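First listed ligand is number 1; within each ligand, the first listed atom is number 1. For the numbers below, each heavy atom of this structure counts, side chains included, while hydrogens, waters and symmetry mates do not. Numbering starts at 1 and runs along the sequence shown. Just so it is clear, the structure is predicted and the values come from calculations on it, not from any experiment.
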Amino acid sequence: MDFHLSDEQRAIQDLARTFAREELIPGCAAFDRLADGEDAFPWDLVERGSKLGFNALAIPTKYGGAGANVLTQCLVMEELSAGDPAVSKVYSHNWKALFGLMAIASEEQVLRVIPDFIEDPRYCLGIAMTEPNSGSDNSLPYAGDTKSGPMLSAVRDGDHYVLNGLKKFIAMGKQAKMLTVFGRTDKSVPWTEGTSAFLLFPPKEGFEIGRLHDKVGLRLYPQFDLLFDNVRIPVEDRLGEEGTVHASRRNITNIGTLEATSTALGIARHAYELAVEYAKERVQGGKPIIEHHAIGTLLLEMFTRLEASRTLLWRSACSIDNGGDDDPKLARATKVMAVETLNYIASHAVEVWGGMGVMKEAPMEKIYRDAIQLYHMGATNQLNILKALPLL
Ligand SMILES: Cc1cc2nc3c(=O)[nH]c(=O)nc-3n(C[C@H](O)[C@H](O)[C@H](O)COP(=O)(O)OP(=O)(O)OC[C@H]3O[C@@H](n4cnc5c(N)ncnc54)[C@H](O)[C@@H]3O)c2cc1C
């Protein structure tokens with residue numbers, strides 16, 4: 001594998017790094033401390049990053065996007081996440097949602113979203129799958145089980161479907177201008193055969209935004225409950241044939257996994273860099289603490305794990321870019337390793353910072369709070385392992 005980045009990749013990587021350092025790090029710290037609410041969404045920063053090209057980076061050129069490949073997208077997401085992983089998640093979530101859409105939508109449906117998405121720097125997308133009783137089961141369905149999976153009902157009524165039920169933890173559920181909603185069109189068969197997806201463009205009669213969940217980290221990337229009370233969706237807004245959505249979504253799984261991996265890597269790098277910086281400045285025992293072997297070797301261990309995770313991420317991204325996705329368990333293994341690496345680095349970076357590591361006036365405690373969010377994004381680590389096992 002060639003580890004050389006092209007001039008274009010370096011240019012967009014530099015742009016993202018500068019934006020992260022100059023705007024995201026100083027701009028997001030204060031937002032992070034706001035009580036949850038609409039005013040805690042960093043619209044101006046999101047808009048500014050969109051105008052620099054981060055929202056539409058990977059959209060294929062035939063639709064008017066920049067057509068960046070998966071590796072380029074991962075490079076940019078690492079840089080932005082090192083600045084603020086929540087703002088980065090806005091763009092990378094949109095990336096995941098759009099590629100999910102393109103995998104299951106007709107050309108006509110795609111064209112009802114992408115031009116507006118490119119045009120509007122505040123365009124966000126939602127993916128409404130999780131419900132109070134269906135989380136991991138949506139990632140790892142059990143054969144023959146009709147009782148698990150999404151239960152939001154989608155009943156055909158003439159040239160419409162009528163949706164009733166509740167969705168939970170939906171990222172940017174309030175900000176999204178279009179949501180892909182997963183509903184059960186047939187509850188007599190397992191959800192993998194009886195679920196369909198629909199386009200929803202709010203506002204819509206019967207569709208309500210419920211509570212905003214109050215999280216410890218990634219606070220600028222909000223999750224909402226969504227309520228459906230006889231929401232009527234035209235048949236032409238169903239994505240694909242009825243009941244086939246599970247099968248058609250299979251080929252997008254690895255982009256979602258690498259999206260979460262890039263976020264993890266960016267947070268980990270930021271934690272590592274701050275730990276090194278602090279260890280060079282902080283003097284105890286008559287010398288900078290980096291010169292004490294216990295700290296120096298810890299930092300080297302962090303560096304090694306970080307580099308190993310990035311190498312695996314690049315390898316996985318190139319595997320998709322080269323058209324092969326040659327080993328489908330690779331992306332899952334990559335995500336698990338990156339999240340373990342992140343939480344190793346974040347917790348030890350807090351340690352290197354001593355008492356300052358947990359003080360709200362210093363940056364490390366936010367990094368630590370952000371880090372634990374990654375365990376369950378892009379499916380939990382356990383679920384990624386369980387899904388990779390049959391591929392051994
Ligand atoms: C920040 C954030 C953003 C999110 N964004 C979205 C979104 O945009 N759209 C959306 O639809 N959902 C979203 N979710 C929901 C997310 O997908 C779920 O939280 C996730 O799938 C886990 O489901 P759960 O929380 O119900 O946990 P559970 O499924 O209840 O899992 C609990 C624990 O049990 C383990 N477990 C579960 N099943 C098994 C099994 N079979 N074998 C072994 N262990 C198992 C899990 O690994 C986990 O450790 C988001 C969640 C968060 C926190």
Side-chain angles (χ1 to χ4, degrees), residues 32 36 40-41 81 84-101 124-145 147-152 165-184 190-192 195 197-198 200 209-228 245-246 249 252-253 255-257 259-260 263-264 267 332 335-336 339-340 342-343 369-390:
D32 178 72
D36 280 319
F41 192 76
S81 298
D84 184 80
V87 175
S88 170
K89 269 299 293 184
V90 171
Y91 306 123
S92 66
H93 176 95
N94 287 340
W95 173 43
K96 179 170 72 171
L98 263 186
F99 274 71
L101 182 72
C124 295
L125 295 159
I127 308 169
M129 171 67 109
T130 304
E131 297 176 11
N133 292 318
S134 67
S136 299
D137 285 348
N138 301 331
S139 299
L140 188 69
Y142 285 88
D145 179 6
K147 299 275 181 267
S148 66
M151 284 295 166
L152 180 135
L166 173 66
K167 293 290 178 184
K168 188 179 179 192
F169 294 160
I170 307 307
M172 301 190 291
K174 185 170 183 176
Q175 289 78 15
K177 293 187 176 165
M178 193 287 286
L179 294 116
T180 304
V181 180
F182 295 81
R184 200 73 168 258
W191 82 258
T192 47
T195 301
F198 304 90
L200 188 149
I209 308 296
R211 70 182 271 233
L212 166 60
H213 291 271
D214 189 6
K215 304 199 304 304
V216 294
L218 289 181
R219 288 179 57 77
L220 311 187
Y221 172 63
Q223 279 67 44
F224 295 87
D225 285 350
L226 302 178
L227 289 72
F228 294 76
V245 73
H246 175 67
R249 281 181 92 230
I252 58 168
T253 307
I255 282 195
T257 310
E259 180 253 353
T263 309
I267 308 171
R332 295 191 180 281
K335 191 261 174 183
V336 171
V339 172
E340 295 300 343
L342 164 61
N343 282 279
R369 288 188 283 108
D370 287 341
I372 57 170
Q373 302 289 315
L374 268 294
Y375 275 123
H376 49 252
M377 288 161 69
T380 65
N381 272 12
Q382 289 93 346
L383 263 285
N384 275 295
I385 291 167
L386 287 172
K387 290 193 78 159
L389 274 180

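Contacts between Phe224 and ligand 1 below 4.0 angstrom, taking non-hydrogen atoms only, are absent altogether.
Within a 4.0 Å radius of atom 13 (C) of ligand 1, the protein contributes at least one heavy atom. In this structure, atom 30 (O) of ligand 1 is not in close contact with the protein, since no protein heavy atom lies within 4.0 Å of it. For atom 34 (O) of ligand 1, the protein comes within 4.0 Å by no heavy atom at all. Contact annotation for atom 39 (C) of ligand 1: protein present (non-hydrogen atoms, distance under 4.0 Å).
The two residues Ser139 and Lys387 have their closest heavy-atom pair at O-NZ, 2.5 Å.
Glu131 pairs in a salt bridge (charged side-chain N to carboxylate O under 4.0 Å, His left out) with only one of the listed residues (Lys167, Lys168, Arg184), which is Lys167. Tested against Ile170, the residues Asp225, Val181, Leu179, Ile127 include a single side-chain contact (heavy atoms from CB on, under 4.5 Å) partner, Leu179.
Here the protein heavy atom with the shortest distance to atom 25 (O) of ligand 1 is Phe169 CE1, 4.0 Å. Of all protein heavy atoms, the one lying nearest to atom 8 (O) of ligand 1 is Ala171 N, 3.0 Å. The protein non-hydrogen atom at the shortest distance from atom 27 (O) of ligand 1 is Ser136 OG, 4.1 Å. For atom 47 (O) of ligand 1, the nearest protein heavy atom (residue, atom name, distance) is Thr380 OG1, 2.7 Å. For atom 17 (O) of ligand 1, the closest heavy atom belonging to the protein is Thr130 OG1, 3.5 Å. Looking only at protein heavy atoms, the nearest one to atom 53 (C) of ligand 1 is His376 NE2, 3.1 Å. Annotation: atom 26 (O) of ligand 1 to nearest protein heavy atom, Gly135 CA, 3.3 Å. Nearest protein neighbour of atom 36 (N) of ligand 1, counting heavy atoms only, is Leu383 CD2, 3.8 Å.
For the pair Pro141 and His246, the minimum side-chain heavy-atom distance is below 4.5 Å.
Each of the atoms 47 (O), 49 (O) of ligand 1 lies under 4.0 Å from some heavy atom of Gln382. For ligand 1, the atoms closer than 4.0 angstrom to any heavy atom of His93 are 8 (O). Atoms of ligand 1 lying under 4.0 Å from at least one heavy atom of Ile127, given by number and element, are 7 (C), 8 (O), 9 (N), 10 (C), 11 (O). Of all atoms in ligand 1, listed by their number and element, those nearer than 4.0 Å to a heavy atom of Gln223 are 1 (C), 2 (C), 3 (C), 4 (C). Residue-ligand proximity, Leu386 to ligand 1, at heavy-atom distances under 4.0 Å covers atoms 40 (C), 42 (N), 43 (C). For ligand 1, the atoms lying closer than 4.0 Å to a non-hydrogen atom of Tyr142 are 40 (C), 41 (N).
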Please determine whether side-chain hydrogen bond (donor to acceptor under 3.5 Å, both in side chains) holds for the pair Gln373 and Lys215, giving the CA-CA distance in whole Å, both sets of side-chain angles, and the decisive distance to 0.1 Å. CA-CA 9 Å; Gln373 302 289 315; Lys215 304 199 304 304; 4.9 Å; no
Please lay out, stage by stage, how Leu226 and Lys174 fare under the test side chain to side chain contact (heavy atoms under 4.5 Å, CB included). CA-CA 9 Å; Leu226 302 178; Lys174 185 170 183 176; over 6 Å; no
Intermediate values then yes/no, side chain to side chain contact (heavy atoms under 4.5 Å, CB included), Asp137 and Tyr142: CA-CA 8 Å; Asp137 285 348; Tyr142 285 88; 4.2 Å; yes
Test Gln175 against Phe224 for side chain to side chain contact (heavy atoms under 4.5 Å, CB included), laying out the working first. CA-CA 10 Å; Gln175 289 78 15; Phe224 295 87; 3.4 Å; yes
Could you give me the CA-CA distance, side-chain angles and deciding distance for Asp370 and Arg219, then say whether salt bridge (Lys or Arg N to Asp or Glu O under 4.0 Å) is met? CA-CA 8 Å; Asp370 287 341; Arg219 288 179 57 77; over 6 Å; no
Apply side chain to side chain contact (heavy atoms under 4.5 Å, CB included) to Leu200 and Phe228, showing your working. CA-CA 11 Å; Leu200 188 149; Phe228 294 76; 3.6 Å; yes
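The shortest heavy-atom distance from Leu218 to ligand 1 is not under 4.0 Å.
Heavy atoms of other residues, nucleotides or ligands lying less than 6.0 angstrom from CG of Asn133 number 12 at most.
To the nearest 0.5 angstrom, Arg369 atom CZ is 11.5 Å from Ile267 atom CD1.
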